[in-house]
Amino acid sequence: MDGDKILIVEDESRMRRLIGDYLKREGYSVLEAQDGREGFNIFKQENINLIILDIMMPKVDGWAVCREIRKVSDVPILILTARSEESDELFGFELGADEYVTKPFRPKVLVARVKALLKRKNINNEKTMEFNGIYMDTQAHRVVIDHKEIEMTPKEYELLIFMANHKGKALSREQILDGVWGYDYYGDLRTVDTHIKRLRTKLNGKSKIIQTVRGVGYRFEVKR
């Protein structure tokens, strides 16, 4: 929503100004940091709603910042980098990043992704859900099974919530990719399969709630 506070952690001053100008036009409050250490310090001092985080930075790189932030917060993190290797992208998601944007990029598309991330975050904070013994507290960002909290990366959690919000529907990989990663995500459809596999592993005995639909994709199956 307008007024959300966004932290841009990027060592290139021109890039920070470019992104900041576009975000300010949309009504967002923008803070800037020129390296990872400064960015993490600002994050600890301010109530940040979303972080745009470059990877290749002096002093402390973006990977380290992402790792430290995920120890204490589920704030949306959008990785911004010139590196486009699939291994880097998967590593970013494993650390808990929510989006991965490669340079060069279109500023308007970046802003659209920021809006989508914040919108999904706000939707996920509206209610609690419980299906087949899986309790999801979307305000506290918690998943509990048999009185035990299940640790998930933000993307795994977002995937679970998306599937639950479309319970009973057969969703294609494209639909899941659009709903969880964004309509203009340029990654491989295998990203969906990888995250579904990890999610099922963490759901353990409840993994059958996510069914494979041959020739289509996946379905969140709720017992009646």
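FYI, the numbering just counts along the sequence from 1. As a basis for the values below, the full set of heavy atoms in this structure was taken, side chains included, without hydrogen atoms, waters or symmetry mates.
The residues Glu26 and Lys115 are annotated as salt-bridged, a charged nitrogen and a carboxylate oxygen being separated by less than 4.0 angstrom. Electrostatic pairing of Glu32 and Arg17 does not count as a salt bridge here, judged by no charged N lying under 4.0 Å from a carboxylate O. The pair Lys5-Glu46 meets the salt-bridge criterion, with a side-chain N (NZ, NE, NH1 or NH2) lying under 4.0 Å from an Asp/Glu carboxylate O. In this structure, Arg219 pairs ionically with Glu221, as a charged nitrogen and a carboxylate oxygen lie closer than 4.0 Å. Between Arg16 and Glu10 no salt bridge is recorded (no basic side-chain N to carboxylate O distance below 4.0 Å).
Cluster membership for Met56 and Phe40, using ILVMFWY side-chain heavy atoms within less than 4.5 angstrom, is shared. In this structure, Val216 is not a member of the same hydrophobic cluster as Ile196, with clusters built from ILVMFWY side-chain heavy atoms closer than 4.5 Å.
Between Met15 and Ile8 the shortest side-chain heavy-atom distance does not fall below 4.5 Å. Put simply, the side chain of Arg14 does not reach to within 4.5 Å of the side chain of Glu12, judged on heavy atoms.
In this structure a side-chain-to-backbone donor-acceptor pair under 3.5 Å is missing from Ser73 to Arg70.
The aromatic rings of His195 and Trp181 sit perpendicular, their planes meeting at an angle over 60°, well past the 30° parallel limit.
More than 12 non-hydrogen atoms from other residues, nucleotides or ligands lie less than 6.0 angstrom from NZ of Lys103.
Side-chain contact annotation: Asp98 with Tyr157, donor-acceptor N/O pair under 3.5 Å absent.
Two rings, from Phe220 and Phe162, have their centers 6.0 Å or more apart.
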